[in-house]
Amino acid sequence: MVAVTVQDLRKRFGATRALDGVDLRVETGELLAVLGPSGCGKTTLLRCLAGFERPDSGSITLADQIVTDHRRHVPAHRRRVSVVPQEGALFPHLSVGENVGFGLTPGRGRSDSAAAVRVEEVLELVGLNGSANRMPHELSGGQQQRVAVARALAPRPPLILLDEPFSALDAGLRSGLRRDIRDALHADGATAVLVTHDQGEALSMADQIAVMRDGSILQTGSPAEVYGRPGTPWVAQFVGEAMVFGIQAEGSLGRCVLGEVQLAEPTPDGAAMVAVIRPEQVMLGTEPESGGVPARVRRIDYRGHDAMVSLDVAGTTVLSLAVSGRDAAVQVGDLVRARVVGPIRTYPAQTSD
């Protein structure tokens, strides 16, 4: 069942086209991440969904009700859409329980006791059971964001919007909090749209990802689809590390700076193509029988569980992902051999940007 439908949404601010014909569908109970760089229009899209901005044209449907089109614009307070801002925005004079229960107004078929039960229920979902009587200033930044999510969940809205909710938190807090918030949203059956510029956040949390650039959605799909089968070289480079090389294609084989490679799809001979290669597809060896092409190790960036190795291949920079136990003996300055494993994706050269 479709919970949110956006059709041909357009919005300008002076000469700037913030939204340029955006189409989007969000299924009930799904978490969709709108991923894109700063200035791509993702925050404008969120504000239009919330009702804070009125688009110039196009339509938005929430729970089978048209809330925006050329005839009507339902204001934000009548949409029942919950928003989780970047820094929680809790009421400092109210307790955690009072913050969470703020939108649970008795008199709409809900008693005070039912509201209290719901408050405890959502606090447990976000990992803060027993915290109803605490004050916001007694909580860490991560705990405050959990309260903000619980407050958004409490009235069971048709849509929850999360506006880069982890951007102000320390890196060490983010991964655990992302997992817990994702699990809480799924456990409550909530439909949510997450706006973020963080690729790791989108890949780890979302059921579907919509990649946005210059006011348009370039690709929508599961995290595995967007990472493994990017629609354009730009999407590949934005969603994770990727290198784009010119390639001479001959059917199912191609030749680039890294030698002969297998192509994911047959390509017309002689066509102007580019290849997208991920660092994890570049294997290193130290012996001639390793195959591949000669390369010089120029830099090694250690990242704990793995390392990114920068290579010089005939004057071209190539990245290789060295995981624990592989390439452990490689040092800066070493002469190695680099080869590509697995099929690679190709695109017409004119789509390289």
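Under the 30°/60° scheme for interplanar angles, the aromatic rings of H93 and F91 are found to stand perpendicular.
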Item checked: R298 and D312: CA distance, side-chain angles, deciding distance, salt bridge (Lys or Arg N to Asp or Glu O under 4.0 Å) verdict -> CA-CA 6 Å; R298 294 302 185 197; D312 184 339; 3.6 Å; yes

Next item on the list: Could you walk me through whether L9 and L45 pass the side-chain contact (heavy atoms from CB on, under 4.5 Å) test, one step at a time?
Entry: CA-CA 9 Å; L9 210 63; L45 175 59; 4.0 Å; yes

Check: Would R80 and L62 satisfy side-chain contact (heavy atoms from CB on, under 4.5 Å), going step by step from the backbone distance to the final call?
Finding: CA-CA 10 Å; R80 294 187 56 242; L62 300 179; over 6 Å; no

Checklist line | Pair D198-M205, side-chain contact (heavy atoms from CB on, under 4.5 Å): steps then yes or no | finding: CA-CA 11 Å; D198 188 316; M205 288 189 67; over 6 Å; no

Next item on the list: Go through L321 and V282 one step at a time and tell me if the side-chain contact (heavy atoms from CB on, under 4.5 Å) criterion holds.
Entry: CA-CA 7 Å; L321 187 67; V282 180; over 6 Å; no

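A donor-acceptor pair is defined here as one N or O able to donate and one able to accept, closer than 3.5 Å; such a pair exists between the side chain of D23 and the backbone of D8. No donor-acceptor distance shorter than 3.5 angstrom exists from the side chain of S310 to the backbone of M308, with no hydrogens or angles considered. Panel note: side chain R296, backbone G333; a donor-acceptor pair is recorded below 3.5 Å. E265 places no side-chain N or O within 3.5 Å of a backbone atom of T346 that could act as its donor or acceptor partner. Side chain of E241 to main chain of P279: no donor-acceptor pair is present (N/O by atom type, distance under 3.5 Å, no hydrogens or angles). E201 places no side-chain N or O within 3.5 Å of a backbone atom of R178 that could act as its donor or acceptor partner. A distance-only check finds a donor-acceptor pair linking the side chain of R278 to the backbone of Y227 [under 3.5 Å]. In this structure, K42 contributes its side chain and V211 its backbone to no donor-acceptor pair below 3.5 Å.
Using modelled atom types and a 3.5 Å distance limit, the side chains of T68 and R79 yield a donor-acceptor pair.
Two residues are said to be in side-chain contact when any heavy atoms from C-beta on lie closer than 4.5 Å; V34 and L194 fail this criterion.
For the atom pair T232 OG1 and Q219 CD, the distance stands at 7.5 Å (nearest 0.5 Å).
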